[in-house]
2 protein chains.
Amino acid sequence: MATKCFNCPLQRSDVFIDLTKDEMRFMQNFKVGELEVDAGTTLLMEGSNSPQLYTALRGMGLRYKTLENGNRQVTNFVFPGDFIGLQAGIMGEMQHSVEASSSMTLCVFDRSELWSFFRNSPERAFDLTWMAAAEEHFLGEALASVGQRTAFEAIAWALCKIMLRGQGLGLAKDRVMPMPFRQQDLADALGLSLVHTNKTLSKLRNRQLANWGDDMLIVNDLGALADAAGMTLEPPMKRPIM
Amino acid sequence: MATKCFNCPLQRSDVFIDLTKDEMRFMQNFKVGELEVDAGTTLLMEGSNSPQLYTALRGMGLRYKTLENGNRQVTNFVFPGDFIGLQAGIMGEMQHSVEASSSMTLCVFDRSELWSFFRNSPERAFDLTWMAAAEEHFLGEALASVGQRTAFEAIAWALCKIMLRGQGLGLAKDRVMPMPFRQQDLADALGLSLVHTNKTLSKLRNRQLANWGDDMLIVNDLGALADAAGMTLEPPMKRPIM
DNA sequence: CGGTCGATTGACACCTTTCAATACGGGTGG
DNA sequence: CCACCCGTATTGAAAGGTGTCAATCGACCG
């Protein structure tokens, strides 16, 4: 039985902007169902023209591109509240693939209705643009990390970002949060080799900055980790949710 | 004397979607003036909350972020038709700086009017989202280049991208186009050192793939350059213009 | 004509990749 | 119940791409 929007568990998290009653009704109308997938499932393929859009409700995943030479670039990690398929909705087709890293629950929307956002709900249309701009912002930061940071700093940066998102969503209990990704995923996100990623992770572990293993990430001192990354900790902005 | 929108020189280029008469009127109303700047001028600063938005009419520039350690990451090059300030308009403040690399002419809009796009012109609001999604797409590609390509491939990729944009805009006459950037700019865009960038550029020159010097970029065989980059040449999508 | 900025080049250090091998846990079939 | 296999994590050694340091050069400019 699909969750009703006015009962959306994500709305309880305070990182999301509360929907008005009108918006809630509008979204409920837009929602066509719910999807449960196993870990490893590909949700959207690069180049696909999916008729469906999703909002992640539970679980985690990855966005990635595959290059001509077969290399893979992970462009972002997917967390609850993330909107999936915006590019397909706006530009016609996905520019990257999306895959589930853990089992996931997703809210399913009908892409053909996307236009009605712009016609009938300027606020929701604005939120859509906000999300695209936020993703642009994140990719800019990721680019700066991959381009300008050392492997050690980059990995610290990534783990810090992930922990911050987990905390905002209430996924992190007592400095520990689930992290169902593989080391290869992180390596592909930062443009590093698997071997070097592994060795750098153990260096972070030795220095007691971060401990990732058994699908769990433990960070005792987020400030120290941020220092190691050469970044400044900023409270995440409140964001809209679809 | 400011250019009138219905006389916009960019509309003559066929990479841009034609504006309808209504949209043209709407934009003309939104436009508050024209700005002429010298090379080296900073148009927007990271963190700033500028009351003005721009569309580049002539000239080129760069978008970049500055890291805590002082390193600079160039996130994109600015060409005519690019919209500048969208992030400030949507998210409240700029997440990157924008600087002119050559002298530039810019169309100036009033940021406070941005909301009227969503309220009064769903089509224009959609185009705004389209642009944000396109920038997201580009940053994903750039991330993949920096992360997964060798220095040689990455530079070939970047020069190829630049040449393609120049051709689309009619800036490239007979395989030659103006390129007012410094080698340091390209190095900062690709996460490479200046020295290595310089040596790689001369390698491209020796192999007759690309010749960049004296603010001019010459590419005789774009296909060969794309091959060297390990990328597939795709005709650029038609895009909206603000 | 000295001074600055960008481009160029050589030598050397080192961070990161690649290659290879081992270990460990979970699933599967005999 | 136990071999066997597969995916993932881990570790060591060696090769190599890229960064850093330093010096030179040409063009432009006050």
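In what follows, every heavy atom counts, from backbone to side chain, and hydrogens, waters and symmetry copies are set aside.
- Remark: C1' of dT10(D) and CG of Leu192(A) are 17 Å apart, rounded to the nearest angstrom.
- Among the heavy atoms of the strands, none lies under 4.0 Å from Gly40(B).
- Atom NE2 of His196(B) and atom P of dG17(D) are 9 Å apart (whole Å).
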Take Glu99(A) and Arg63(A), measure what salt bridge (charged side-chain N to carboxylate O under 4.0 Å, His left out) needs, and give me the verdict at the end. CA-CA 7 Å; Glu99(A) 182 180 310; Arg63(A) 301 178 193 267; over 6 Å; no
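- Within 6.0 Å of CD in Glu93(B) there are more than 12 heavy atoms belonging to other residues, nucleotides or ligands.
- The aromatic rings of Trp157(A) and Phe138(A) sit parallel, their planes meeting at an angle under 30°, below the 60° perpendicular limit.
- Between Met60(B) and Phe77(B), every side-chain heavy-atom pair lies at or beyond the 4.5 Å cut-off.
- Taken to the nearest 0.5 Å, the CG atom of Leu159(A) stands 5.5 Å off from the CE atom of Met179(A).
- No side-chain donor from either of Asn69(B) and Arg149(A) sits under 3.5 Å from a side-chain acceptor of the other.
- Comparing dT17(C), dT8(C), dG19(D) by their nearest atom to the side chain of Leu194(B) picks out dT8(C).
- Using a 4.0 Å cut-off, some side-chain N or O of Arg205(B) falls inside it from OP1 or OP2 of dT8(C).
- Counting to the nearest Å, the P atom of dT10(D) and the CG atom of Leu186(A) are 12 Å from each other.
- We find that CD1 of Ile155(A) is positioned 13 Å from C1' of dC15(C), with the value rounded to whole Å.
- Rounded to 10 degrees, the angle separating the terminal helix axes of the helix from dC1(C)-dG30(D) to dG30(C)-dC1(D), each built from five base pairs, is 30°.
- For Arg182(B) and dC5(C), the CZ to P distance is 11 Å, given to the nearest whole Å.
- Here dG25(C) presents its P atom at 14 Å from CG of Asp215(A), a figure rounded to the nearest Å.
- Side-chain nitrogen and oxygen atoms of Gln183(A) include at least one within less than 4.0 Å of the OP1 or OP2 phosphate oxygen of dT10(D).
- Closest to the Val195(A) side chain, of the nucleotides dA20(C), dG6(C), dT8(C), is dA20(C).
- Regarding contacts with the backbone of dA7(C), every side-chain N or O of Asn198(B) stays at 4.0 angstrom or more from both OP1 and OP2.
- Atom CG of Asp214(B) has 12 or fewer neighbouring heavy atoms from other residues, nucleotides or ligands inside a 6.0 Å radius.
- One donor-acceptor pair, N or O on each side, does fall under 3.5 Å between the base of dG12(D) and the side chain of Lys199(A).
- Distance CD (Glu153(A)) to C1' (dC15(C)): 12 Å, rounded to an integer number of Å.
- Put simply, CD on Gln184(B) is 12 Å from C1' on dC5(C), counting in whole angstrom units.
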